[in-house]
There are 2 protein chains.
Amino acid sequence: MIRNTRQRTAVNAVFDELEGFHSAQEVHARMRAAGDSIGLSTVYRAVQALVEDGELDSIRTDAGEAIYRRCSARHHHHLVCRACGRTEEVEGPTVERWADRVAAEHGFVDVTHSLEIFGTCAACHRAGAPSADRPG
Amino acid sequence: MIRNTRQRTAVNAVFDELEGFHSAQEVHARMRAAGDSIGLSTVYRAVQALVEDGELDSIRTDAGEAIYRRCSARHHHHLVCRACGRTEEVEGPTVERWADRVAAEHGFVDVTHSLEIFGTCAACHRAGAPSADRPG
DNA sequence: GAGCATGTGAGAACTGTTGTCGACTGCGGG
DNA sequence: CCCGCAGTCGACAACAGTTCTCACATGCTC
C-alpha cells in the first residue's frame, strides 16, 4: 500500500512553488532551510515515486546530476541552454510522428522516446559565453 | 603544450575498433585486458581531451554514466529495444531540421541534440516481453 | 643529450545516489 | 478510539563514477 506521509506531501508541495528543474539535494537543502525536518534518502525516494507517478519530470544534467520538476500534462521536450541552464519546453508533432514511424518501420512496438536539444541561449551568446562544441 | 603520448594514442585507437558508445571504465578495462598498461585517470583525461578535440562524442546514460564514441561522419540516433537491448541506428533529416528550427525560434545558437527511441523489438514482442513506460 | 613543462598512474577524495536497518507512523479493522 | 503492522523514515554506510593529488616518468625543444 502506498501511504500519504507528511514528507511525501511536503516534497510534492515544494515543486508547486518551484519553477524549472531542481535537484534532489537542492530540494532537500531548501526544505531543511525552511525548517522542514526530512532526510535526504526520503527526498530521493519521494522524487522517484513522483516521477513514477508522472507527477515529476526528470532529466540528467551534463554533470550527471538528476534534476526534477513538476511535469506538465503535455508530452514535450526540452531546450536547454548549456551556459546558464535555462530550460524551455518545446513540442512538435513532427518529431513525435517521425519517431513512431521510424520505430514502426523497424518492427518496434510500445514506443517512447527522449529528446533534448542543447544550445546557447540568446542572452548567453550575447554575453560571449563559451561553448563546447558537441557534434554528433 | 599538448603532448602526443603512447596512452593518448592508444585510447584514440580503441575507438577506431569500437562501434557505438562505450564508457571510460569499459575502455580502460578493455585496454588492460588487451595487455595495455594504462591508468584509469589517464583514460578519463584522454577521452575528455578527445571530446574537446571533437574526436569523440559523449552522452550520458540514464544511470549518469558518461559514454563516448568516435564521432561518426554521419549524424544518427538510436532505436533501442528495452527488452533485449538491441540497438539500431536511425537517421532522419526531418528531426534534425525540426530541432534546429525550434532552437532557432527560441534564439538558441550552437545547437546540438540528443534523441533516443525506446521500444520493444518485434522478436521480444513476440516473446511477450514486459515493457516499462516512461512519459516525459 | 639536457632541461623542464607536461603527462602518467595508484590511490585517495569527492559527489550524487542507493542500500541498510531499527524506529516510527498512517491507516484499516476491531 | 485504539491496535497491529506493513509501509515509511532517516542517519549513516556503502557504492559507482569521476576528479584530484603528487611523486615519478617522458615527450619536446634547444
Side-chain angles (χ1 to χ4, degrees), chain A residues 1-15 18 20-53 55-69 80 82 85 116 132 134, chain B residues 1-15 18 20-53 55-69 114 132 134 136:
Chain A
M1 183 223 300
I2 285 164
R3 246 189 253 163
N4 198 10
T5 64
R6 173 179 65 78
Q7 292 86 342
R8 211 103 91 187
T9 309
V11 170
N12 200 343
V14 166
F15 282 96
L18 251 35
F21 285 96
H22 303 273
S23 70
Q25 311 241 12
E26 187 190 333
V27 169
H28 179 241
R30 202 175 277 266
M31 295 178 77
R32 292 306 268 273
D36 216 332
S37 161
I38 187 171
L40 183 54
S41 317
T42 304
V43 174
Y44 274 105
R45 275 187 297 246
V47 293
Q48 276 162 14
L50 289 168
V51 166
E52 268 176 38
D53 288 357
E55 287 285 320
L56 294 186
D57 196 11
S58 87
I59 63 173
R60 234 169 231 281
T61 66
D62 239 31
E65 195 178 12
I67 53 179
Y68 308 85
R69 71 156 172 195
V80 185
R82 66 163 75 85
E116 327 263 328
R134 288 255 254 88
Chain B
M1 183 222 300
I2 287 164
R3 250 187 247 165
N4 199 11
T5 63
R6 171 179 67 78
Q7 291 89 339
R8 212 103 91 187
T9 309
V11 170
N12 200 345
V14 167
F15 282 96
L18 250 35
F21 285 96
H22 303 273
S23 71
Q25 311 240 12
E26 187 190 333
V27 168
H28 178 241
R30 201 175 278 266
M31 294 177 78
R32 292 306 268 273
D36 215 333
S37 161
I38 188 171
L40 182 54
S41 319
T42 303
V43 173
Y44 274 105
R45 276 188 295 246
V47 292
Q48 276 162 13
L50 288 168
V51 167
E52 269 176 36
D53 289 358
E55 287 286 319
L56 293 186
D57 196 10
S58 89
I59 63 174
R60 235 169 231 279
T61 66
D62 238 30
E65 195 179 12
I67 52 179
Y68 308 85
R69 70 159 172 192
S114 86
R134 279 259 253 91

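All heavy atoms count here, side chains included; hydrogens, waters and symmetry mates do not. Per chain, numbering begins at 1; letters A, B, ... match sequence-line order.
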Holding to side-chain contact (heavy atoms from CB on, under 4.5 Å), I want the full list of residues that pass it with A:Ser41, two or more places apart in sequence or in another chain. A:Arg45

Does some side-chain heavy atom of B:Val14 sit less than 4.5 Å from a side-chain heavy atom of B:Glu26? no

Nt span of DNA chain D in reach of chain B heavy atoms at under 4.0 Å, 5' end first, is D:dG17 to D:dC28

Taking 5' to 3' order, which nucleotide of DNA chain C is first and which is last to have an atom within less than 4.0 Å of a heavy atom in chain A? C:dG16 to C:dC27

Say you draw a straight line from OG of B:Ser23 to CD1 of B:Ile67; how long is it, rounded to the nearest 0.5 Å? 8.0 Å

Using side-chain heavy atoms (C-beta onward) and a distance below 4.5 Å, is B:Phe15 in contact with B:Val27? yes

May I ask you to list the residues of residues 23-39 of chain A, by number, that have any heavy atom positioned under 4.0 Å from an atom of DNA chain C? A:Gln25

Taking every heavy atom of A:Ala10 against every heavy atom of A:Met31, the minimum-distance pair comes out as CB-CE, 3.4 Å

Taking for B:Tyr68 and for B:Arg6 the nucleotide of DNA chain D with the nearest heavy atom, the one nearer the 5' end belongs to B:Tyr68

List the atom of B:Leu40, the atom of B:His28, and the distance in Å for their closest heavy-atom pair. N-NE2, 3.4 Å

What are the two closest non-hydrogen atoms of A:Phe21 and A:Asp57, and how far apart are they? CE2-O, 3.9 Å

To the closest 0.5 Å, what do you measure between CD1 (B:Ile2) and CG (B:Asp53)? 6.5 Å

Dump the intermediate steps for side-chain contact (heavy atoms from CB on, under 4.5 Å) on B:Arg69 and B:Leu18, then the final yes or no. CA-CA 8 Å; B:Arg69 70 159 172 192; B:Leu18 250 35; over 6 Å; no

Pair A:Val11-A:Leu50, side-chain contact (heavy atoms from CB on, under 4.5 Å): steps then yes or no: CA-CA 9 Å; A:Val11 170; A:Leu50 289 168; 4.0 Å; yes

With nearest nucleotides of DNA chain D determined for B:Gly64 and B:Asn4 from heavy-atom distances, which residue corresponds to the more 5′ nucleotide? B:Gly64

Return the minimal non-hydrogen interatomic distance between B:Ile38 and B:Arg32, and the atom names on each side. O-NH1, 2.6 Å

May I ask you to say what B:Ala63 touches in the nucleic acid, namely base, sugar-phosphate or nothing, with a heavy-atom cut-off under 4.0 Å? nothing

What are the two closest non-hydrogen atoms of A:Ala24 and A:Tyr44, and how far apart are they? CB-CE2, 3.6 Å

For B:His22 and B:Leu56: C-alpha separation, side-chain torsions, deciding distance, then whether side-chain contact (heavy atoms from CB on, under 4.5 Å) applies. CA-CA 11 Å; B:His22 303 273; B:Leu56 293 186; over 6 Å; no

Which value, rounded to the nearest 0.5 Å, describes the distance between B:Tyr68 atom OH and B:Ile59 atom CD1? 11.0 Å

In dot-bracket form, how is DNA chain D paired, counting a Watson-Crick or G-U wobble pair only if both its distances are under 3.5 Å and using | for bases paired to another strand? ||||||||||||||||||||||||||||||

Interface residues of residues 40-49 of chain A with DNA chain C (non-hydrogen, below 4.0 angstrom): A:Leu40, A:Ser41, A:Tyr44, A:Arg45, A:Gln48

If I compare all heavy atoms of B:Arg60 with all of A:Thr61, which pair ends up nearest, and what's the gap? CD-O, 3.6 Å

